[in-house]
Amino acid sequence: MAESPITPGSKDFAAWYQDVVLQGDLAEPAEIVKGCMVIKPNGYAIWEILQRELDTRFKALGHQNVYFPLLIPESFLKREAEHVEGFAPELAVVTIAGGKKLEEPYVIRPTSETIVGHFFAKWIQSWRDLPVLVNQWANVVRWELRTRMFLRTTEFLWQEGHTAHSNHQEAIEEVLRILDVYAEVAEDIMAMPVIKGVKTRAEKFAGALRSYSIEAMMRNGLALQAGTSHDLGQNFGKAFDVKFQSKEGQLDYVWQTSWGVSTRLIGGLVMSHSDDKGLVLPPKLAPVKAVIVPIYRKEEEKGPVLEAAHRIAKEVGAKVDEREGQTPGAKFFHWERRGVPVVMELGPRDLASGNIVLKRRDTGVKEIVPQANVAARLAEVLDAMQKDLFNAAKERMKSNTLVANSLAEVEEILSDVTAEKGGGKFVMAHIKDDPICDARLKEFKATIRNIPLVDEYDGGGKCIVTGEDVDRRVVVAKSY
RNA sequence: CGGGGCGUGGCUCAGCUUGGUAGAGCGCCUGGUUCGGGACCAGGAGGUCGGAGGUUCGAAUCCUCUCGCCCCGACCA
C-alpha cells in the first residue's frame, strides 16, 4: 500500500487513529459495504493471537466451542422484553430468501442469547446437565449509525460465551471468573490496563440482571469498554423455558451468563500504545517480533551480509527484509509504522565488528549487541518492552484520573473533552447507581463507566447528584 | 436519522465558478547508478472523473436522484 504521512495525534486524534490503522496495514474501510471493514493480514494476525490467548483460557476453565446459526427467527428477539427493546433499532433483517418473501423474517444475529436459549431448553432437563459452558467465535451485525474501524463497525468479529447454571451464586462466580480472564488478557498480553467493575443499571446489557465490564483508557483519555460479562439471571431461562429438575426434584429455571470481547480490542490496542510514527505493538501480540534489515553497498558485500542476516534471523526467530530496490531507510520506516517491536540493522560494519544493531520501537533507542548475545538480548528487550508499555499505559491512566466531589467539578473536567481534541479524564466521584444520575451525566455526554469491584479510593460518601449514601466512588468518563 | 465536509489513475490532490472530452506529485513497471533513517537518472504503463438519469452539438464541470466515506450529534462490543 502507499505509505502516507500520519496525522499527529495532538492535532486530530480521530484522524491519527485512522492513519495508524491504515498505515499499520491492519484494516481498511470496505467502502462498498456500509460501515464494514476489511481486516488485512497484519490486523487479522493480531486477532488470531488474541483468539488463541482467550480460547486456551476459556478451555482451561472447562468451556467448549460451538456454533449457532447466523440467522435467528425474528420472534425470538421479542421473547425477552428488554432485549428486543435494546436491540431492535440496530437489527438487519432478512425478509426475502430463495426469491420468496419469508413467512417469518430472520434477523442477522446481533448477539445469540435468544437462539442459545432455545437450544439450552432442548439440552437441559436435569441438574446433572448443568453447568453448560459453551463459547462461539462468530461474526455479528449491528446497524450502528456511526462507525469507526475496529471500535464500532456494522459487522464485527467476537467471541460470545454462554453458560447455564443451577443457581445464581455459581452463575455470578462464572461472570467474575471470565471478567478476570478478560482483564488478564488485556493487561498481560495487550499491555492495556483496565478497571474491572459493574455497569450501572442504566448501562447494563439489554436483558441482563447485571453487567460487568473492563474499562480501559485510551491515549486521548476517553474510556473504551473492552469486554463485558453479564449475569443474565433467569431472564432468558424464563423467556425460552429453560428448566431443569433439581436434586430435590423441584423444577426451576436455569441461571445464565453471557460474555464477550470483540475485534474492538484491536482498536484499544492501537489507542493504547501507538504514536505519531505509527503502530506500536506489545511483543506478545506482534505477529512479527523482530525484523533484520540487511545493509550493503557493493555487490560483494551483499552475499556475506545476507548470509549472516539469515543465520541470525533463524537463531532468534526474526524476519529478514531482503526486498530489492528499497533503501534501508525506507525499510526502517516501513516496519516502524507496522509496529514491529524490534528492528535490527546488519551491515558490513557489523560483520567486521561481530555486532548487530537493535532498535526498540517504543523508545526508539538503538543499542549495539555482539552477535553472539543477540538471541538473549532480544528476548530481554522484548520482555522489557512488554512491561514498559504496560507501565506507561498504567501511569497515563493514573495521571489522568482525578477525584471530584461535586457534579460541577465533574462537568468542568469533562465538558470540553472530545475524541478529536482529547484531554479526557477518568473522574472518580460518589454517584448512586440510579438512572437519574446516569441521565444527569449524559447532559454533558459523560457516562458512569463502571463501579469498580475494588475500591482504591476513600470508601463511602454522599452521592453528588442525589445526596444519598453510596459505598464507593465510580468511574465517570467520556467514552467510545 | 439531523448538520458539515468529500468522492477525479494504486495514494494525495488540482481542474469545476466562466461546459470543448483529463493533469501534478507520490506509488507502480524496465534499465542503470545507489544503499548505516523515506535515493537518483532515463524510459514506460495506468483514469474517461462514485453511480444513474437529465440539459446540451458537446458534461469531470450545469440540474435531479442515488451510493459511499470522513467529522459533529442521538445509539452502541
Side-chain angles (χ1 to χ4, degrees), chain A residues 1-5 7 12-15 17-19 22-23 28-37 85-91 110-111 138-160 182 199 203 205-206 211 213-216 224-230 258-268 277-278 293-299 301-302 305 322-337 343-353 355-357 359 364 366 368 418-421 442 445 447 479-480:
Chain A
M1 68 166 293
E3 302 195 346
S4 309
T7 307
D12 182 339
F13 191 84
Y17 173 74
Q18 175 110 348
D19 287 345
L22 250 25
Q23 296 301 320
E28 65 181 61
E31 294 188 333
I32 48 165
V33 188
K34 189 176 173 61
C36 292
M37 65 175 171
E85 195 188 327
F87 282 101
E90 50 189 70
L91 292 178
T111 180
N139 56 339
V140 289
V141 166
R142 298 182 186 178
W143 217 259
E144 304 288 357
L145 298 177
R146 185 165 160 209
T147 58
R148 303 178 197 250
M149 280 191 287
F150 289 113
L151 299 174
R152 184 172 305 104
T153 46
T154 301
E155 178 184 8
F156 58 93
L157 305 182
W158 75 347
Q159 57 71 215
E160 47 178 325
Y182 288 164
K199 298 302 265 190
E203 294 275 335
F205 175 75
S211 290
S213 73
I214 52 170
E215 302 283 334
L224 185 76
Q225 180 171 303
T228 49
S229 187
H230 311 294
S258 69
W259 27 275
V261 295
S262 71
T263 38
R264 167 180 274 190
L265 287 177
I266 297 172
K277 291 175 180 168
V293 175
I295 298 160
Y296 43 83
R297 284 198 192 84
K298 309 182 191 72
E299 193 57 28
E301 290 170 342
K302 183 178 169 182
V305 166
E322 49 183 328
R323 288 175 297 160
E324 295 287 348
Q326 293 247 40
T327 60
K331 292 179 181 179
F332 296 145
F333 276 88
H334 177 78
W335 296 111
E336 187 167 74
R337 64 179 48 209
V343 173
M344 293 179 270
E345 308 174 21
L346 187 72
R349 243 155 49 195
D350 306 293
L351 252 47
S353 65
N355 293 326
I356 187 165
V357 180
K359 188 182 180 191
K366 273 187 191 184
I368 296 167
T418 68
E420 292 66 43
K421 287 185 292 185
K442 202 170 176 179
K445 307 194 175 15
T447 48
S479 74
Y480 275 98

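Proteins come first, then strands; the chains are lettered A, B, ... in the order of their sequence lines, and each starts at number 1.
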[atom1] atoms of [N] and [M], separation to the nearest Å:
{"N": "B/rC62", "M": "B/rC69", "atom1": "P", "result": "24 Å"}
{"N": "B/rC40", "M": "B/rU34", "atom1": "P", "result": "15 Å"}
{"N": "B/rG68", "M": "B/rG25", "atom1": "P", "result": "35 Å"}
{"N": "B/rC16", "M": "B/rG20", "atom1": "C1'", "result": "14 Å"}
{"N": "B/rA60", "M": "B/rG50", "atom1": "C1'", "result": "12 Å"}
{"N": "B/rG46", "M": "B/rC29", "atom1": "P", "result": "15 Å"}

Any A/Arg297 side-chain N or O less than 4.0 Å from OP1/OP2 of B/rC35: yes
B/rA74 phosphate, OP1 or OP2, under 4.0 Å from A/Lys445 side-chain N/O: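 It does, given that an N or O in the side chain of A/Lys445 lies less than 4.0 Å from OP1 or OP2 of B/rA74.
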Sugar-phosphate, base or nothing in reach of A/Val261, heavy atoms under 4.0 Å: nothing
Sugar-phosphate, base or nothing in reach of A/Glu144, heavy atoms under 4.0 Å: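 Base contact - A/Glu144 has a heavy atom under 4.0 Å of at least one base atom.
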B/rG37 pyrimidine/purine six-ring stacking with A/Phe332, under 5.5 Å and 30°: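 No; centroid distance or tilt outside limits.
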Verify stack between A/Phe156 ring and B/rA77 base, 5.5 Å, 30 degrees: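 Check passed, A/Phe156 stacks on base of B/rA77.
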Residue whose closest nucleotide on RNA chain B lies nearer the 5' end, A/Thr263 versus A/Lys366: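 In this pair, the answer is A/Lys366.
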Whichever of A/Pro89 and A/Ile295 has its nearest RNA chain B nucleotide further upstream toward 5': A/Ile295
Closest to the [X] side chain: [options]?
{"X": "A/Asp350", "options": "B/rC76, B/rG36, B/rC71", "value": "B/rG36"}
{"X": "A/Arg349", "options": "B/rC71, B/rC76, B/rG36", "value": "B/rG36"}
{"X": "A/Arg337", "options": "B/rA74, B/rA77, B/rG38", "value": "B/rG38"}

A/Glu203/A/Lys442 ion pair, N-O < 4.0 Å: no
A/Thr418: partners by side-chain contact (heavy atoms from CB on, under 4.5 Å), with sequence neighbours left out: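 With neighbours one apart ignored, the set is A/Glu420, A/Lys421.
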With sequence neighbours excluded, residues passing side-chain contact (heavy atoms from CB on, under 4.5 Å) with A/Glu301: A/Tyr296, A/Arg297, A/Lys298, A/Pro348
Nearest-Å distance for atom pair CD/P, residues A/Glu28 and B/rG10: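 Distance, rounded to whole Å: 13 Å.
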Nucleotide N/O of nucleotides 39-46 of chain B paired with protein N/O under 3.5 Å:
from: B/rA39; atom 1: OP1; to: A/Thr327; atom 2: OG1; distance (Å): 3.3
from: B/rA39; atom 1: OP2; to: A/Thr327; atom 2: OG1; distance (Å): 2.5

Pair partner, B/rU30 [Watson-Crick or wobble, under 3.5 Å]: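 The answer is B/rA42, by the H-bond criterion.
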Opposite nucleotide pairing with B/rC65, Watson-Crick or G-U, both atom distances under 3.5 Å: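 By the stated definition (distances under 3.5 Å), B/rG51 pairs with B/rC65.
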